[in-house]
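Chain A is the first sequence line, chain B the second, and so forth, proteins listed ahead of strands; every chain is numbered from 1.
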Protein chains: 2
Amino acid sequence: MPGAKLDEIDRMILAELQADGRMTNVELARRVGISAPPCLRRVRTLEEQGYIRGYHADVDPRELGFDVSVFAMVRLVSQSEAELSAFEARCGGWPLVRECHMLNGEVDFVLKCVAPDLRSFQAFLTGELTAAPNVASVKTSLVIRNAKAEPGVPFDVLEARLARKA
Amino acid sequence: MPGAKLDEIDRMILAELQADGRMTNVELARRVGISAPPCLRRVRTLEEQGYIRGYHADVDPRELGFDVSVFAMVRLVSQSEAELSAFEARCGGWPLVRECHMLNGEVDFVLKCVAPDLRSFQAFLTGELTAAPNVASVKTSLVIRNAKAEPGVPFDVLEARLARKA
DNA sequence: CGCGAATGCGCAATATTCTTGCGGTTCTTG
DNA sequence: CAAGAACCGCAAGAATATTGCGCATTCGCG
């Protein structure tokens, strides 16, 4: 079902808006080769059907004084669904935790955190995260730098897949 | 220096655009309590000064048939700057790798990857990633689900910091 | 074949937004 | 206290978004 109802123009629209979410509809229409009205209708449809979940400004944390990013690997004592949900809920309440992914394998969760400085992160780590109920262990790694940060979908792979089907 | 030149309105603008990057300028102006022209001027300034790096549509990978997300922890043989850069460059060429973060500690890099299915990810893992030069070991974990995914800045923390300074 | 029905395009018109130029006000500073 | 800088809001013109409508192509099916 997913991807079935999208033609090439739709995929071009997604690629363009993924690259620049504030592109005007006129410019977008020009790039994908149709006129503005049908282009806008396609965008609306993509939004309604969940292909586009939203639009967000990419704000630089460092410019705002959040100088440290950290990955935290969390192991829980109990992995019952109730406990998993409880931990997720707790993460939702921690502003420093920006992403929370449940994993398979030894580690139960990986968290991406930001903080103004190392000191405040340590305070959060020892005072909140490690101290939280059901948390067995936490391993943290500072992010030195990041070479690639493109959330979303690799459209070149998508096109390769579709070509293979045809 | 970072954050120094931003007043409360600027921070409100950043928060609003982080939440909804396609908000019209008039709506944004209304929410932050000023008229449209100065609001637009502020946004332009925030963009130029790097507080806003860009705008992106949040495209749902699953809807497009990318059903698996994976975190890969990579260790290299050599951590010389040349080798680190070389690995980063290689990551840039892999479409399935969406994020590449260099870490301190035992693991040198964590990669966030997506793939249409487990089979194609395995093909990438064994055929590309593990086989790459200088890669010592790779540990992967499938993402079961994610409870939180809000890249960016926690503005409530930011305001707490500023309040502390005052 | 051939006839609806459905889909999707583009044109045109209106509504909304963006963008710029221009004073006016407040705050800083010497 | 005066000159200058910074920033606001108003107003107008340009650009964009949005809607309604008619037409072409495609598809399903008798």
Exercise for review: Would you check if there is a donor-acceptor pair between the side chains of B:Gln79 and B:Asp108 at a distance under 3.5 Å?
Suggested key: yes

Check your understanding: Would you call B:Glu27-B:Arg31 a salt bridge at under 4.0 Å N-O?
Key -> yes

Practice item. For residues B:Gln49 and A:Glu63, report the shortest heavy-atom separation together with the two atoms involved. Key: O-OE1, 3.9 Å

**Study point:** NZ/NE/NH1/NH2 to OD/OE distance under 4.0 Å, A:Glu47 and A:Arg44
**Key:** yes

Practice item. Could I get the full list of ring pair (Phe, Tyr, Trp, His ring centres under 6.0 Å) partners for B:Phe155, not counting sequence neighbours? Key: none

Revision key, fill the gap. The bend of the helix from C:dC1-D:dG30 to C:dG30-D:dC1, taken between the axes of its five terminal pairs at each end and rounded to 10°, is 30°

Review point. Which pair of heavy atoms, one from A:Val114 and one from A:Ser69, lies closest together, and at what distance?
Key: CG1-OG, 4.0 Å

Revision key, fill the gap. Taken in chain and number order and not counting sequence neighbours, the residues that satisfy side chain to side chain contact (heavy atoms under 4.5 Å, CB included) with B:Ser120 are B:Ala115, B:Pro116, B:Asp117

**Study point:** Nearest atoms (heavy-atom pairs only) where A:Glu83 meets A:Leu76
**Key:** O-CD1, 4.4 Å

**Study point:** Heavy-atom contact window of chain B on DNA chain D, given 5' to 3' at under 4.0 Å
**Key:** D:dC8 to D:dA11

**Study point:** salt_bridge(A:Glu106, A:Arg75) N-O dist < 4.0 Å
**Key:** yes

Tabulate protein N/O versus nucleotide N/O from nucleotides 15-22 of chain C, keeping only pairs under 3.5 Å, one per line.
| residue | atom | partner | partner atom | Å |
| --- | --- | --- | --- | --- |
| C:dC18 | OP1 | B:Asn25 | N | 2.8 |
| C:dC18 | OP2 | B:Asn25 | N | 3.1 |
| C:dC18 | OP2 | B:Val26 | N | 3.1 |
| C:dT19 | OP1 | B:Arg44 | NH2 | 3.4 |
| C:dT19 | OP2 | B:Arg44 | NH2 | 2.5 |

Review point. Which residues pass the ring pair (Phe, Tyr, Trp, His ring centres under 6.0 Å) test with B:Phe71, sequence neighbours left out?
Key: A:His101

